[in-house]
Amino acid sequence: MRMDGRTVLGKIGQSAGGVGRNIADALGKLQKCTPLLLSAVGPDLYGQFLVDNMKHLNLYAVETKEDSRTACYTTLIDKHGETRFGVGDMEIHNTIDEEQVKRYKKDIENGSILIMDGNIPQETMNAALEIASNSNVPVWFEPTDLSKAHKPLGTNLWKNITMMTPNLVELREMAKYLGQELNEEFSFNDTEKLLQQIKFLLTPLSKQIPIIMVTMGQHGMLMASSLTTDEPVLNGFTRKITESYFRYYQPIKISNVINTSGAGDCTASGFIAGALSGLTEPECVALGLKAGVDSLQSNNPVPERFKVSLEQQYAVVSPILIHKEQIIK
């Protein structure tokens with residue numbers, strides 16, 4: 001594609017998005033709950049569009065910032081459904097400050113889980129982590145982007161994160177920030193070596209964080225967990241880490257991909273929905289992978305309705321244990 005000012009024929013659509021919003025949207029549909037979304041919009045048509053598409057969520061912590069534009073992301077998706085590049089207007093995220101978080105302190109303290117994406121400022125993230133830590137509320141961190149993945153690692157509060165979902169490039173950035181650097185390219189043509197590379201990068205994180213989901217796209221998923229496969233994921237919310245299991249889950253193969261945007265968010269939401277319902281890791285992974293497939297086959301990041309549900313009986317994916325280690329502190 002030449003970037004020379006020409007007009008290229010295509011199809012243009014608009015959908016509600018944003019990592020935190022996507023997860024809240026998907027979780028509300030999968031868990032049949034009403035997540036509280038803490039965010040910000042501008043007094044514009046995009047802000048109204050987002051609000052109108054989130055009626056099933058609790059929006060009283062979504063504040064309108066009078067002098068700001070609603071976050072907007074324009075992306076080019078090719079005929080295979082893959083995102084090629086995007087342009088983001090995200091300045092409004094910087095207005096989600098410590099004071100806004102503190103205004104909803106009681107809501108955070110009374111929550112079952114705090115899900116936090118990497119878009120908010122460092123100081124805001126620290127304030128949210130501190131409230132959750134003092135109240136023993138589990139925290140799920142979604143790194144969101146390569147440039148934002150390391151944010152919570154700038155303070156010891158990161159050790160209070162319960163779960164995180166980096167992709168490969170985000171994991172590499174986080175590990176590098178903690179002094180664990182991989183001096184070679186990922187071995188995508190050798191799955192066994194790729195898994196060992198990921199395990200190497202996970203070393204400093206898995207000693208502190210009970211549950212880590214590394215999404216590998218078409219190569220599947222690796223879980224680093226303090227849990228065995230036959231106990232509820234909820235147990236990992238409060239357990240001290242004494243051992244870590246590294247388990248590999250193969251991807252679900254599909255051919256009719258429409259849109260890759262939002263698949264990771266829906267996968268995370270499926271896993272969280274399963275965890276909050278008392279399911280085991282393989283059950284949560286199966287629910288997450290199937291929710292991700294529903295997203296891949298939808299024009300929107302989060303489908304209007306998921307085909308998969310907590311109520312239905314579905315085949316549980318079988319993990320491959322690649323390593324188990326004792327954690328000595």
Short question: side chain of [X], backbone of [Y] - any donor-acceptor pair under 3.5 Å?
X	Y	value
Glu173	Glu170	no
Glu231	Gly236	no
Asn300	Pro303	no
Asn259	Leu296	no
Ser295	Pro301	yes

Can a donor-acceptor pair be found between the side chains of Asp230 and Thr228 at a distance below 3.5 Å?
->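 Side-chain D/A pair, Asp230 to Thr228: present.
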Asp145 and Ser147: side chain donor to acceptor below 3.5 Å = yes
Evaluate whether atom [atom1] of [X] has more than 12 neighbouring non-hydrogen atoms of other residues, nucleotides or ligands under 6.0 angstrom away.
X	atom1	answer
Lys307	NZ	no
Glu185	CD	no
Asn110	CG	yes

Checking side chain to side chain contact (heavy atoms under 4.5 Å, CB included) for the pair Met163/Phe141: CA distance, chi angles, key distance, verdict?
-> CA-CA 6 Å; Met163 294 160 283; Phe141 175 60; over 6 Å; no
Check for me, please, whether [X] and [Y] land in the same ILVMFWY cluster - side-chain distances under 4.5 Å, paths through other members count.
X	Y	value
Val139	Ile211	no
Leu146	Trp158	no
Ile161	Leu178	yes
Val214	Leu153	yes
Ile92	Leu50	no

Shortest non-hydrogen contact between [X] and [Y], atoms and distance:
X	Y	answer
Val41	Gly47	CB-CA, 4.0 Å
Pro43	Lys65	CD-O, 3.2 Å
His56	Thr34	O-CG2, 3.7 Å
Asn94	Pro121	CA-CG, 3.8 Å
Leu201	Pro204	O-CD, 3.5 Å
Leu129	Pro152	CD1-CB, 4.3 Å

Does Arg172 count as lying over the ring of Tyr177, i.e. NZ or CZ under 6.0 Å from the six-ring centre, within 45 degrees of the axis?
-> no
Taking the six-membered ring of Phe246, is the NZ or CZ of Lys199 close enough (under 6.0 Å from the centre) and on axis enough (within 45°)?
->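 Yes, Lys199 lies over the aromatic ring of Phe246.
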Pairing of [X] and [Y] as salt bridge, 4.0 angstrom limit:
X	Y	value
Asp44	Arg69	no
Arg84	Asp78	yes
Lys193	Glu184	yes
Asp25	Arg21	yes

Sub-4.5 Å side-chain heavy-atom contact between [X] and [Y]:
X	Y	result
Cys266	Val302	yes
Leu321	Tyr245	yes
Pro319	Met223	no
Lys290	Ile252	yes
Tyr249	Pro282	yes
Leu289	Met221	yes
Lys207	Lys159	no
Leu279	Val233	no

Step by step, work out the side chain to side chain contact (heavy atoms under 4.5 Å, CB included) result for Tyr248 and Met216.
-> CA-CA 10 Å; Tyr248 170 61; Met216 302 156 57; 4.1 Å; yes
Apply side-chain hydrogen bond (donor to acceptor under 3.5 Å, both in side chains) to the pair Asn126 and Glu130, showing each step before the final yes or no.
-> CA-CA 6 Å; Asn126 293 350; Glu130 186 171 5; over 6 Å; no
Would Tyr46 and Gln48 count as a side-chain hydrogen bond (donor to acceptor under 3.5 Å, both in side chains) if you check the C-alpha gap in whole Å, the side-chain angles of each, and the deciding distance to 0.1 Å?
-> CA-CA 5 Å; Tyr46 290 141; Gln48 189 59 52; over 6 Å; no
I need the [X] [atom1] to [Y] [atom2] distance, nearest 0.5 Å.
X	Y	atom1	atom2	answer
Thr280	Leu227	OG1	CG	9.5 Å
Glu304	Ser298	CD	OG	7.5 Å
Met174	Leu202	CE	CG	10.0 Å
Ser39	His93	OG	NE2	6.0 Å
Glu98	Thr124	CD	OG1	6.0 Å
Lys102	Asp97	NZ	CG	9.5 Å

Run the numbers on Glu63 and Tyr104 for side-chain hydrogen bond (donor to acceptor under 3.5 Å, both in side chains), then give the verdict.
-> CA-CA 11 Å; Glu63 299 186 356; Tyr104 306 99; 2.9 Å; yes
I would like to know whether Glu91 and Ser68 meet side chain to side chain contact (heavy atoms under 4.5 Å, CB included); could you show each step before the answer?
-> CA-CA 8 Å; Glu91 291 182 9; Ser68 299; over 6 Å; no
Start with the C-alpha distance between Phe271 and Met213, add both sets of side-chain angles, then the distance that settles side chain to side chain contact (heavy atoms under 4.5 Å, CB included), and finish with yes or no.
-> CA-CA 9 Å; Phe271 189 97; Met213 174 195 293; 3.5 Å; yes
Hydrophobic cluster mates of Met90, side-chain heavy atoms under 4.5 angstrom, ILVMFWY only, any path?
-> Tyr73
Which residue, Thr144, Asn22, Thr165, forms the side-chain hydrogen bond (donor to acceptor under 3.5 Å, both in side chains) with Asp265?
->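 Running side-chain hydrogen bond (donor to acceptor under 3.5 Å, both in side chains) over Thr144, Asn22, Thr165 with Asp265 returns exactly one hit, Asn22.
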